[in-house]
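Data block below; observations after.
Within every chain, numbering begins at 1; the chains are lettered A, B, ... in the order of the sequence lines, protein sequences first and strands thereafter.
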Amino acid sequence: MLELRIIRNEMERVLEGYRKRNLPEELLALIPEIISLDDHRKASQLLVDRNLEKLNLLSKEIGDLFKNGNAAEAESRKLEVATIKEANAQLEADLASAKLGIEERLLLLPNVPYSLVPMGSSAEDNLVFKPWTGNLPKLAAGSLPHWELAKKYDLFDMELGVKISGSGFILYRNKGAKLQRALINFFLDEATKAGYEEIQAPLLVNADSARGTGQLPDKEGQMYFAEKDNLYLIPTAEVPVTNIYRDVILKKDDFSIKMCGYTPCFRREAGSYGAHVKGLNRVHQFDKVEIVRIEHPERSYGVLDEMLTHVESLLGKLELPYRILRLCGGDMGFASAMTYDFEVYSAAQERWLEVSSVSNFETFQTNRMKLRFKNDKGDSILAHTLNGSALALARIVAALLENHQDADGINIPVALRPYTGFDRIH
RNA sequence: GGAGGAAUGGCAGAGUGGUUUAACGCGGCGGUCUUGAAAACCGUUGACUGUAACAGGUCCGGGGGUUCGAAUCCCUCUUCCUCCGCCA
C-alpha cells in the first residue's frame with residue numbers, strides 16, 4: 001500500500017510515476033480525494049482528542065469528589081460527561097468513516113514506478129535491458145517441443161495430472177521427477193553459497209500474510225482458498241517468507257536480511273487459457289526457489305542489481321540463452337517499483353519464456369506489514385523489500401529439454417549432473 | 001475433538017475498578033570512576049497519532065460491552081500451556 005506520506009510530500013513524483021503506468025483517470029482522481037479525506041481526518045481527530053481530554057479530566061474530578069463525600073457535585077459532573085460523550089459519538093463515527101475512505105482508496109493505488117522505469121502500456125514497451133548476444137540455438141529438423149519430448153522419454157504426464165487433479169496439474173515421473181528434484185537442490189545450494197538463509201515455510205497462509213505482501217485484496221481471485229480454515233495456498237514463497245518480518249522493528253545492523261525458500265506455488269490462473277498455455281508453459285502448480293531481501297532504503301537498488309547477477313549466474317550454469325527485460329510501467333505488477341524479467345529462449349517453440357521476475361517493492365509491502373528499522377535518530381523508518389525467482393522450475397525444465405536435445409536424447413548441463421546423477425536422458 | 005489454565009513494555013514479572021502518568025529486576029543507552037575494560041554508583045529507556053515546537057490523544061493478545069472512570073468486570077475470537085482422546 002502506497003504511503004500517504006509520499007502522496008502528501010512527493011506529489012510530482014507520484015503523478016510522473018503514474019503516467020508511466022498509464023493509470024486511468026478515475027484512479028488518478030482518488031489522489032485529491034485522499035488528501036481532502038486526510039485533512040478531514042486530522043481535523044476530526046483533533047476535536048475527538050480534545051473531547052477525550054475533557055472526559056479524562058472529568059473522570060478524575062468525579063473520583064475525587066466521591067472520595068471527599070461530595071456526591072451531589074459528582075452527579076452533576078456525570079451529566080456533563082454524558083453531554084460530551086454524545087457529541088463525541090458523532091465525531092468518532094465521522095473520523096472512522098474518513099479513515100476507512102482513505103484506506104479503501106489507498107488500496108486501489110499501485111506502487112509508484114522508480115525513475116528508471118520506462119513509460120509504456122504493455123509488454124511491447126518493455127526495455128530489453130540486456131539482450132542475448134550469442135547465437136540462438138538452431139535445432140536440427142525433427143526436434144520436438146518439450147511436451148513431445150516428455151512423451152518420448154516418459155518424463156511427465158499431463159493426462160494423469162488431469163485425471164488426478166485437473167488441467168494444469170503435472171505428474172512428473174522417472175528422470176523427469178529426478179530432474180525436478182535436482183534443480184530444486186541446485187538452486188537452493190547456489191542461493192546458500194550466495195549467503196541466503198534457507199527457509200522452509202508454511203504453504204498455506206492466513207489473510208494477514210496475504211495482505212502483507214499485497215496478494216489481498218488485489219489478487220484474491222488468483223489464489224486457491226481453503227474455506228473451512230480461512231487459509232490461502234501460497235502463489236509464491238514470497239508470501240510466507242516476507243511475512244516473517246511483519247510487525248517487526250529491526251535494528252540498523254540487522255541488515256542485510258537474505259532469505260531463500262523452495263516451495264510449490266499454486267496459481268488459479270483464472271482467465272488465462274489460450275494459445276500459449278501448452279505443456280509446462282502455464283500450470284496451476286509449479287516449483288520455485290525464491291530469494292527475498294529486506295534492505296535499508298539507501299541500498300535497495302544496489303541489492304536489486306546484485307540479485308540480477310545471481311539469477312544470471314544460474315542461467316549461465318544451466319547453459320540457457322537468456323535476456324533481461326526492464327518492465328515498463330504498464331506491464332509491472334501492482335506492488336512493484338521496478339521489475340526485471342528474465343526470459344529464456346525455448347528453441348523448439350521458438351519463443352522467449354519468462355522464468356524469473358526480480359522486483360524492488362520499496363516500502364509498498366513494508367507499509368502494510370509495518371516492517372521498520374530504527375535509524376540513528378531513533379525514528380522508525382519503513383524498510384525496503386525485494387524478491388526474485390531463482391528460479392521457477394516448470395518453464396526452466398521446458399527450455400532445458402528443448403535446447404539440450406539431439407536426435408536420440410537430452411544432455412544434462414554439466415553443473416546439474418552432480419544433482420541428477422545422470423548425464424543424459426535417452 | 002473433550003476438560004482445565006494462561007496471554008502485561010526487548011526479556012522476566014507485579015498489578016483484580018480511581019496518584020498505572022504500568023512497580024521491582026534484567027538487558028539497552030548515557031555518565032562517574034579507570035591507561036583501557038569489568039565491577040560499583042548515578043541517570044535514562046516502548047509503539048502509533050499529532051504539533052513549527054510544546055500540548056493533547058490511543059495502545060496491557062484481537063474485537064465488542066458495562067462504568068463518570070477498565071490492565072483489572074462481562075461477552076467473543078485467536079494463540080500458548082497442562083491433561084485426556086486420535087494420529088504421520
Side-chain angles (χ1 to χ4, degrees), chain A residues 1-9 34-103 105-106 200-212 216 225-232 240 243-255 257 264 294 363 365-383:
Chain A
M1 183 164 69
L2 191 64
E3 290 178 79
L4 187 50
R5 183 186 62 79
I6 293 177
I7 295 180
R8 295 213 76 123
N9 301 341
I34 288 169
I35 289 177
S36 92
L37 278 167
D38 191 45
D39 289 339
H40 186 61
R41 180 194 62 79
K42 279 188 192 172
S44 302
Q45 185 78 63
L46 191 67
L47 295 175
V48 166
D49 287 352
R50 281 197 184 139
N51 279 334
L52 287 174
E53 182 185 12
K54 279 186 213 158
L55 291 174
N56 287 339
L57 292 172
L58 280 169
S59 291
K60 261 182 200 145
E61 283 176 29
I62 290 168
D64 291 340
L65 287 168
F66 273 123
K67 259 189 227 160
N68 302 332
N70 197 343
E73 183 63 22
E75 289 304 328
S76 98
R77 296 292 162 88
K78 280 195 191 183
L79 292 177
E80 213 179 319
V81 166
T83 315
I84 297 173
K85 281 181 100 169
E86 202 179 330
N88 221 30
Q90 182 54 47
L91 281 170
E92 281 181 339
D94 206 35
L95 177 63
S97 91
K99 281 183 179 170
L100 188 68
I102 293 167
E103 170 93 4
R105 285 167 179 76
L106 280 177
Q200 265 202 27
L203 306 181
L204 283 82
V205 297
N206 59 30
D208 282 343
S209 294
R211 206 171 293 118
L216 287 180
F225 181 53
E227 198 172 2
K228 232 174 182 172
D229 297 289
N230 265 301
L231 294 169
Y232 296 86
N243 271 283
I244 293 171
Y245 287 92
R246 172 153 47 86
D247 288 318
V248 168
I249 300 178
L250 297 164
K251 299 185 186 72
K252 72 174 192 306
D253 43 340
D254 287 337
F255 295 123
I257 294 174
I294 295 168
T363 59
Q365 294 181 327
T366 55
N367 183 36
R368 213 179 296 183
M369 280 199 289
K370 305 216 183 312
L371 164 48
R372 295 158 292 179
F373 68 97
K374 288 278 189 188
N375 70 5
D376 290 332
K377 279 163 64 188
D379 306 319
S380 296
I381 311 284
L382 291 172

In Watson-Crick or G-U wobble terms, with both distances under 3.5 Å, the base opposite B:U79 is B:A6

Which protein N or O atoms sit under 3.5 Å from an N or O of nucleotides 19-21 of chain B?
none

*How far, in whole Å, is B:C81 from B:G36 if one measures between their P atoms?*
50 Å

To the nearest angstrom, the CG-P distance between A:Asp64 and B:G69 comes to 16 Å

- Message: What's A:Leu58 touching, base or sugar-phosphate or nothing? Going by heavy atoms closer than 4.0 Å.
- Response: nothing

Span that lies between the P atom of B:G5 and that of B:G10, in whole angstrom: 29 Å

Q.
Rounding to an integer number of angstrom, what distance separates B:U21 and B:C60 when you compare their P atoms?
A. 13 Å

From CZ of A:Arg77 across to C1' of B:G18 the rounded distance in Å is 16 Å

Please check the phosphate of B:U49 (OP1 and OP2 only) for any side-chain N or O of A:Arg41 closer than 4.0 Å. no

Taken to the nearest whole Å, NZ/A:Lys54 to P/B:A55 is 20 Å

Say we look at B:G30 and B:A38: how far apart would their P atoms be, to the nearest angstrom? 11 Å

Can you say whether a donor on the side chain of A:Asp49 sits under 3.5 Å from an acceptor on the base of B:G56, or the other way round? yes

Notebook entry, point to check: Donor-acceptor pair, A:Ser209 side chain versus A:Val205 backbone, under 3.5 Å?
Noted result: no

side-chain N/O A:Lys85 vs B:G69 OP1/OP2, d < 4.0 Å:
yes

Looking for any heavy atom pair under 4.0 Å, which part of the strands does A:Asn56 touch: base, sugar-phosphate only, or nothing? sugar-phosphate

- prompt: What distance, rounded to whole Å, do you find between the two P atoms, one in B:G31 and one in B:C24?
  reply: 24 Å

Taken to the nearest whole Å, NZ/A:Lys251 to P/B:G27 is 15 Å

Task: Nearest-Å distance once atom P is located in both B:U16 and B:C73 - done: 9 Å

Item to complete: Give a yes/no on whether any side-chain N or O of A:Ser380 is located under 4.0 angstrom from OP1 or OP2 of B:C48.
Response: yes

field: side-chain N/O A:Arg372 vs B:C48 OP1/OP2, d < 4.0 Å
entry: yes

